[in-house]
Amino acid sequence: MATRMSAMFGRTLREAPGDADSANHQLLLRAGLIVQLAAGVYSFMPPAWRSLRKLEQIIREEMEAAGAQEIRMPAMQPLELWQETGRDRSYGPVLFRLRDRRERPMVLAPTHEEAVTDLFRKTAQSYRDLPQRVFQMQTKFRDEPRPRGGLIRVREFIMKDAYSFDIDEQAFQRTYSAMAEAYHNIYRRCGVPVVAVQADSGAIGGKQSEEFIFLTEIGEDNIVLCPSCGYAANQERAEFDRGAVSEAAPLAVEEVATPGTTTIEALAEFLGVPQETTAKAAFFLVDGEPTFAVIRGDLEVNELKLINTLGAQEARPLTPDEVAEAGWIAGYASPVGVDPARVIADPSVVQARNLVGGANREGFHLRHLNYGRDWSAATVADIGLAQAGAPCAACPGGRLEMQRGVELGHIFRLGEVYAAPMDAAILNADGERVLPVMGCYGIGLERLLAAVVQANHDAQGIVWPPAVAPYDVHLVAIGADREEVAAALERLERDLEAAGLSCLSDDRDERPGVKFNDADLIGAPLRITLGPRGLRDGEVELKLRAEAEGRNAALEAAASVAQDALASLTG
RNA sequence: CGGAGCGUGGCGCAGCUUGGUAGCGCACUUGACUGGGGGUCAAGAGGUCGCCGGUUCAAAUCCGGCCGCUCCGACCA
């Protein structure tokens with residue numbers, strides 16, 4: 001059935017609500033597609049829900065093509081399940097909690113690794129049951145500290161989450177590749193350009209993960225890219241080159257008076273030396289332990305790398321009081337004389353020679369500090385924050401660039417991080433109990449919808465990619481109350497539906513300008529205008545949303561012309 | 001969680017500094033005219049000014065507390 005705008009639930013707005021910032025958020029609101037209920041909680045009006053279902057169907061097809069079976073797991077789960085892996089604690093306040101009538105603690109699941117692993121251990125017995133790949137379309141609940149950007153970051157959302165179980169690493173690689181390929185297919189079919197980047201696996205866990213990023217200025221992630229070699233990584237884990245190991249001969253340490261130079265910038269200027277010839281001290285509380293991090297003066301510490309390197313749960317900068325308590329002199333600190341067990345050093349300071357560092361005395365610095373001779377660290381590891389302009393670690397001569405991006409999907413190599421604590425062992429061919437190698441793969445549907453709109457709009461409104469448009473054709477009936485127009489509209493609706501095209505008919509008693517503007521705003525790929533003027537000659541006008549000019553066609557032929565026009569869009 | 005801002009008919013906003021019982025544009029209803037890119041005229045409907053408390057003869061306006069929403073950052077998928 002064609003949808004008639006005169007009867008549609010919801011309405012378009014001339015002005016976007018002031019809360020909306022980004023183009024996609026404004027357009028989704030103005031086109032009457034979404035309505036906000038609370039921070040990060042939205043309703044989806046008929047056209048938006050149609051598009052969301054199309055996205056879902058594309059994903060479903062690609063998941064099935066990748067060998068995954070659709071299932072459905074509960075959103076409401078007993079807290080005990082989460083205690084098995086300790087994620088009731090690691091997820092912290094993001095986890096929505098409630099109690100049932102018997103006071104049993106429950107959670108609204110933010111993701112389903114525990115649930116699927118539980119399913120697996122209850123059903124799979126041996127390697128003969130592998131490989132397994134499953135997925136679901138399911139509502140997730142996450143009490144985000146800061147929902148933002150309309151649908152970009154919400155607290156309740158539909159996620160396609162897939163999980164895989166393989167007998168060994170080699171088998172897992174095949175699954176992972178199939179999933180990565182499916183993901184690329186999905187974004188291509190949805191009309192959103194993405195780049196796959198190396199990422200941190202965060203609260204999901206596992207060794208390594210890749211994100212599928214839509215590069216856009218409204219994004220909330222910083223993405224590091226090398227235009228020379230194509231290296232791409234989230235800034236949270238991006239690597240970069242620190243230059244060659246210095247061959248310079250170590251010079252004798254000498255103390256210099258440097259009054260009032262408590263920052264690297266001030267120090268370098270005072271001494272007339274480049275910042276990269278200094279060693280910077282940064283103090284963090286890592287799982288409750290004061291930690292002394294050292295890095296080259298021109299670089300910054302990446303806290304996430306610090307946490308991962310030390311196998312810690314959390315880290316934050318020390319407060320000035322805590323620094324003093326630890327016996328360190330802010331602004332004049334160096335690792336000289338500090339217990340190496342407390343020190344973690346970036347390779348940038350280890351491989352350099354004759355650096356300037358603090359004298360651990362107010363107002364003085366030391367010249368010619370050298371790792372190994374003057375100080376040492378229990379841990380030497382990459383803890384640097386990759387920044388724009390840094391040399392690429394993957395190719396010679398490349399310079400890293402930085403762009404903002406939205407994470408549209410994330411695929412993880414989980415290994416045994418869930419199977420082990422949940423004891424999901426199975427028997428291998430030799431009759432030994434082994435743990436399956438797991439992977440998980442997620443896409444947020446609403447966020448994807450937002451990205452589709454962000455990537456496909458102009459000043460007038462949305463320009464839906466045909467595959468995910470809520471309607472194929474937008475019929476603009478001018479003078480809809482006239483008999484000949486009403487009759488033509490009904491006929492065209494029938495013809496289009498017979499041709500397999502969905503349509504939204506604007507039969508409202510509105511001025512033509514209002515209807516054209518709403519058609520542009522809602523953004524169906526093809527618009528067909530019918531009115532008394534054209535119908536005198538038995539003609540209607542067809543215009544693609546993405547093109548400026550339309551053309552006329554006979555009413556009787558309009559449906560097949562429409563079919564051809566839409567087919568030309570998808571190639 | 002740190003920083004900033006905003007809550008006044010459905011949407012966008014003014015009014016608040018200097019207290020006196022709420023206004024503009026759009027949207028909505030009815031009628032007439034109009035009719036191919038956001039019409040015109042006329043008549044209407046719709047607001048406990050986020051909530052609670054205080055000051056005052058009188059509070060949208062001043063004071064206190066709370067709640068909600070947005071943005072930047074932290075964090076996060």
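For B/rG37, its base sits under 3.5 Å from the side chain of A/R527 at one donor and acceptor pair at least. No hydrogens or angles were tested; on distance alone, a donor-acceptor pair under 3.5 Å links the side chain of A/R30 to the base of B/rG38.
Neither OP1 nor OP2 of B/rG37 sits under 4.0 Å from any side-chain N or O of A/Q460. At the phosphate of B/rC26, neither OP1 nor OP2 sits under 4.0 Å from any side-chain N or O atom of A/R14. Between A/R511 and B/rG35 there is no side-chain polar atom (N or O) within less than 4.0 angstrom of OP1 or OP2.
Nucleotides B/rG2 and B/rC49, compared at atom C1', are 31 Å apart to the nearest Å. Separating the C1' atom of B/rG54 from that of B/rG46 is a span of 32 Å, rounded to the nearest Å. With both ends at atom P, the span from B/rC57 to B/rC41 equals 48 Å, rounded to whole Å. Of the C1' atoms belonging to B/rA14 and B/rC26, the separation is 15 Å, rounded to the nearest Å. The P atoms of B/rG25 and B/rA42 are separated by 12 Å, rounded to the nearest whole Å. Taking the C1' atoms as reference points, B/rG47 lies 23 Å from B/rU70, given to the whole Å. Nucleotides B/rA43 and B/rC67 are separated by 41 Å at their C1' atoms, to the nearest Å. B/rG50 and B/rG9 are spaced 8 Å apart, taking the P atom of each and rounding to whole Å.
The main-chain N or O of A/I522 is found under 3.5 Å from a side-chain atom of A/W464 such that the two form a donor-acceptor pair.
Rounded to a whole Å, the CG atom of A/L13 is 11 Å from the P atom of B/rC28. With rounding to whole Å, A/D509 atom CG is found 15 Å from B/rG38 atom C1'. One interatomic measurement links the two molecules: CD of A/Q26 to P of B/rG12, which rounds to 11 Å at whole-angstrom precision. When rounded to the nearest whole Å, the span between CD of A/E484 and P of B/rG36 equals 14 Å. Following rounding to the nearest Å, A/L29 (CG) and B/rC11 (P) show an atom-to-atom distance of 11 Å. Put simply, CG on A/L37 is 16 Å from C1' on B/rU70, counting in whole angstrom units. A/K543 places its NZ atom 18 Å from the P atom of B/rG36, with the value rounded to the nearest Å. Atom C1' of nucleotide B/rG38 and atom CE of A/M5 are separated by 13 Å, given to the nearest angstrom.
RNA chain B is contacted by A/R447 of residues 441-455 of chain A, taking any non-hydrogen atom closer than 4.0 Å. Taking every heavy atom of residues 514-524 of chain A and every atom of RNA chain B, pairs under 4.0 Å involve A/V514, A/F516, A/N517, A/D518, A/D520, by number.
Residue contacts shown for A/V154 include a base, since a base heavy atom lies under 4.0 Å away. Note on A/P93: nothing from the nucleic acid sits closer than 4.0 angstrom, heavy atoms only. Heavy atoms of A/G149 sit under 4.0 angstrom from primed sugar atoms or phosphate atoms, though from no base atom. When heavy atoms are screened at a 4.0 angstrom cut-off, A/D221 is found touching base atoms of the nucleic acid. In this structure, A/G534 reaches the bases: a heavy-atom distance under 4.0 Å links it to at least one base atom across the strands shown. At a threshold of 4.0 angstrom between heavy atoms, the contacts of A/Q36 are confined to the sugar-phosphate backbone, with no base atom among them. Among the heavy atoms of the strands, none lies under 4.0 Å from A/A20.
Using cut-offs of 30° and 60° on the angle between ring planes, the pair A/Y42 and A/H25 is perpendicular. Ring geometry, A/W82 versus A/Y91: the interplanar angle exceeds 60°, so the pair is classed perpendicular (tilted spans 30 to 60°).
Residues that satisfy the side-chain contact (heavy atoms from CB on, under 4.5 Å) test with A/D382, not counting sequence neighbours, are A/E239, A/R242, A/K305, A/D346. The side chain to side chain donor-acceptor pair (under 3.5 Å) search around A/Q235 returns A/N222, not counting sequence neighbours. Evaluation of the ring-ring contact (aromatic ring centres under 6.0 Å, His included) rule for A/H410 yields A/F412 as partners, not counting sequence neighbours.
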Anything under 3.5 Å between a protein N or O and an N or O of nucleotides 72-74 of chain B, put it in a table, one pair a line.
from, atom 1, to, atom 2, distance (Å)
B/rC72, OP2, A/R146, NH2, 2.7
B/rC72, N4, A/R146, NE, 3.3

With the criterion being N/O to N/O and under 3.5 Å, what pairs connect the protein with nucleotides 23-25 of chain B, and how long is each?
from, atom 1, to, atom 2, distance (Å)
B/rG25, N2, A/E15, OE1, 3.1

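Searching all strands for a Watson-Crick or G-U wobble partner of B/rG5 with both distances below 3.5 Å returns B/rC69. A 3.5 Å limit on both hydrogen-bonding distances identifies B/rG54 as the Watson-Crick or G-U partner of B/rC62.
Paired with A/S6 under the rule side-chain hydrogen bond (donor to acceptor under 3.5 Å, both in side chains), one option of A/D507, A/D509, A/D506 passes, and it is A/D507.
Contacts classified as salt bridge (Lys or Arg N to Asp or Glu O under 4.0 Å) and involving residues 12-31 of chain A (residues at least two apart or in different chains) are not found. For residues 510-522 of chain A, the set of pairs meeting the side chain to side chain donor-acceptor pair (under 3.5 Å) definition, not counting sequence neighbours, comprises A/T12-A/D518, A/R508-A/D518. Counting only residues at least two apart or on different chains, the salt bridge (Lys or Arg N to Asp or Glu O under 4.0 Å) pairs with a member in residues 309-323 of chain A are A/R316-A/E322. Counting only residues at least two apart or on different chains, the salt bridge (Lys or Arg N to Asp or Glu O under 4.0 Å) pairs with a member in residues 453-462 of chain A are A/D458-A/R545.
Figure legend: A/R142 and A/F96 shown without cation-pi pairing, the cationic atom not lying both under 6.0 angstrom from the six-membered ring centre and within 45 degrees of its axis.
Residue-to-nucleotide proximity on RNA chain B shows that, of A/L535 and A/F412, the 5′-proximal contact is made by A/L535. Closest-nucleotide positions on RNA chain B for A/P17 and A/T529 were compared, and the one nearer the 5' end corresponds to A/P17.
Here B/rG36 is the nucleotide among B/rC69, B/rA27, B/rG36 with the atom lying nearest to any side-chain atom of A/P512.
In this structure, A/F212 has its ring center closer than 6.0 angstrom to the ring center of A/Y187.
Taking 4.5 Å as the limit, some side-chain heavy atom of A/M137 sits within range of a side-chain heavy atom of A/E70. At least one side-chain heavy atom of A/L79 sits less than 4.5 Å from a side-chain heavy atom of A/R97.
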(message) Go through it in stages, so that I can follow the logic: the residues are A/F135 and A/Y163, the test is ring pair (Phe, Tyr, Trp, His ring centres under 6.0 Å), and I'd like the CA-CA distance, side-chain angles, deciding distance and then a yes or no.
(response) CA-CA 6 Å; A/F135 74 100; A/Y163 305 89; over 10 Å; no
Please report, to 0.1 Å, the donor-acceptor pairs under 3.5 Å made by any side chain of residues 468-475 of chain A, with sequence neighbours excluded.
from, atom 1, to, atom 2, distance (Å)
A/D472, OD2, A/S502, N, 2.8
A/D472, OD2, A/S502, OG, 3.2

